[in-house]
Amino acid sequence: MTEGTTSAAAEGGDTLTRLEQEGEIAADYLEGLLDIADLDGDIDMDVEADRASVSIISDSSSRELQKLVGRDGEVLEALQELTRLAVHRETGDRSRLMLDIAGYRAQKREELAAIGAQAAADVRASGEPVKLAPMTPFERKVVHDAVAAAGLRSESEGEEPQRFVVVLPA
């Protein structure tokens with residue numbers, strides 16, 4: 001192994017260790033929150049696409065956890081930001097951690113991927129750009145990925161909170 005290869009491998013290990021640490025800090029923070037709210041839930045940690053991913057899941061009815069998702073995921077988004085701030089406070093580094101509660105984001109990801117694929121199919125059929133409804137950054141990212149997987153390109157336009165995806169012909 002050359003010195004550059006060793007350095008790159010060590011850096012990759014350092015990144016994984018850092019992301020695992022983010023996940024553990026987030027899990028501790030969220031466990032405290034669940035205790036305060038008197039809600040049952042298990043914490044699952046992972047590293048996906050170069051970011052820590054933490055999920056709150058429940059064996060019992062997920063209706064209890066729906067309180068933490070809120071209408072259209074608004075509470076989930078707020079909790080994600082608070083959790084990122086808790087990680088930042090502990091590490092001093094900005095976190096890109098993703099939080100999922102009761103499978104809400106996973107289900108939303110599937111729906112958005114289908115929207116992106118359908119928009120790509122519509123653009124291919126018509127040859128005209130397609131503008132989608134305003135979306136959150138998470139939602140736009142999923143749609144951009146789905147459009148890229150379909151072999152087309154897309155851009156985000158507009159200003160928050162009315163920022164939207166435009167799918168473009170090849």
Side-chain angles (χ1 to χ4, degrees), residues 11-119 131-149 154-165:
E11 188 175 302
D14 289 346
T15 300
L16 181 61
T17 302
R18 182 181 52 78
L19 293 174
E20 288 172 344
Q21 178 189 18
E22 281 187 21
E24 291 195 20
I25 293 167
D28 289 344
Y29 176 79
L30 292 166
E31 282 176 4
L33 179 79
L34 289 173
D35 286 345
I36 291 168
D38 195 29
L39 294 172
D40 291 328
D42 295 320
I43 309 290
D44 184 33
M45 296 180 301
D46 200 2
V47 174
E48 300 173 357
D50 292 332
R51 62 172 61 186
S53 174
V54 179
S55 300
I56 301 175
I57 53 178
S58 177
D59 294 335
S60 63
S61 164
S62 64
R63 290 186 56 152
E64 256 191 12
L65 290 181
Q66 289 304 315
K67 296 173 189 172
L68 298 179
V69 173
R71 186 177 56 108
D72 296 327
E74 290 173 340
V75 175
L76 171 59
E77 290 290 332
L79 287 173
Q80 177 175 277
E81 286 306 309
L82 288 172
T83 305
R84 286 177 174 176
L85 286 171
V87 170
H88 176 72
R89 185 184 70 227
E90 292 290 321
T91 65
D93 295 326
R94 182 177 173 271
S95 174
R96 295 178 49 233
L97 175 127
M98 289 297 293
L99 175 63
D100 192 7
I101 300 174
Y104 176 82
R105 273 201 208 275
Q107 179 182 351
K108 190 76 169 171
R109 186 176 278 123
E110 288 178 19
E111 293 170 6
L112 291 164
I115 288 170
Q118 182 60 54
K131 292 181 181 180
L132 301 176
M135 298 178 181
T136 67
F138 161 75
E139 294 169 335
R140 290 193 310 270
K141 168 81 168 95
V142 174
V143 171
H144 286 305
D145 290 347
V147 169
S154 56
E155 298 174 349
S156 291
E157 293 184 5
E159 297 293 322
E160 295 292 353
Q162 297 300 312
R163 201 155 166 81
F164 58 94
V165 174

Rounded to the nearest 0.5 Å, what separation is found between the [atom1] atom of [X] and the [atom2] atom of [Y]?
X	Y	atom1	atom2	value
Y104	L65	OH	CG	14.5 Å
I43	I56	CD1	CD1	4.5 Å
E81	L76	CD	CG	10.5 Å
T15	E20	OG1	CD	11.0 Å
R96	D50	CZ	CG	7.0 Å
E74	L79	CD	CG	12.0 Å

Minimum heavy-atom separation for [X] to [Y], with atom names?
X	Y	result
A52	G23	CB-N, 4.1 Å
G41	L34	O-CD1, 3.9 Å
L132	A119	CD2-CB, 4.0 Å
A26	V54	CB-CG2, 3.9 Å
V75	G70	CG2-CA, 3.7 Å
A146	A117	CB-N, 4.2 Å

Do V87 and E90 pass the side-chain contact (heavy atoms from CB on, under 4.5 Å) test, and can you show the C-alpha distance, the side-chain angles, and the key distance before you say yes or no? CA-CA 5 Å; V87 170; E90 292 290 321; 5.9 Å; no
Hey, does [Y] have a side-chain heavy atom less than 4.5 Å from the side chain of [X]?
X	Y	value
K108	F138	yes
V142	E139	no
R84	M98	yes

I would like to know whether E77 and R105 meet salt bridge (charged side-chain N to carboxylate O under 4.0 Å, His left out); could you show each step before the answer? CA-CA 10 Å; E77 290 290 332; R105 273 201 208 275; 3.1 Å; yes
Sub-3.5 Å donor-acceptor pair from the side chain of [X] to the main-chain atoms of [Y], do we have one?
X	Y	result
D14	R18	no
Q80	L99	yes
R140	V165	no
S55	I57	no
R163	G158	yes

Partner residues of K141 under the salt bridge (Lys or Arg N to Asp or Glu O under 4.0 Å) criterion, sequence neighbours left out: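 So K141 forms a salt bridge (Lys or Arg N to Asp or Glu O under 4.0 Å) with D145.
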Chi angles and distances behind the side-chain contact (heavy atoms from CB on, under 4.5 Å) call for Q118, I115: CA-CA 5 Å; Q118 182 60 54; I115 288 170; 5.8 Å; no
Counting heavy atoms not belonging to D35, are there more than 12 under 6.0 Å from its CG? yes
Are more than 12 heavy atoms, taken from residues, nucleotides or ligands other than E160, located less than 6.0 Å from that residue's CD atom? yes
Let me see the working for S154 and H144 under side chain to side chain donor-acceptor pair (under 3.5 Å), right down to the final yes or no. CA-CA 6 Å; S154 56; H144 286 305; 2.5 Å; yes
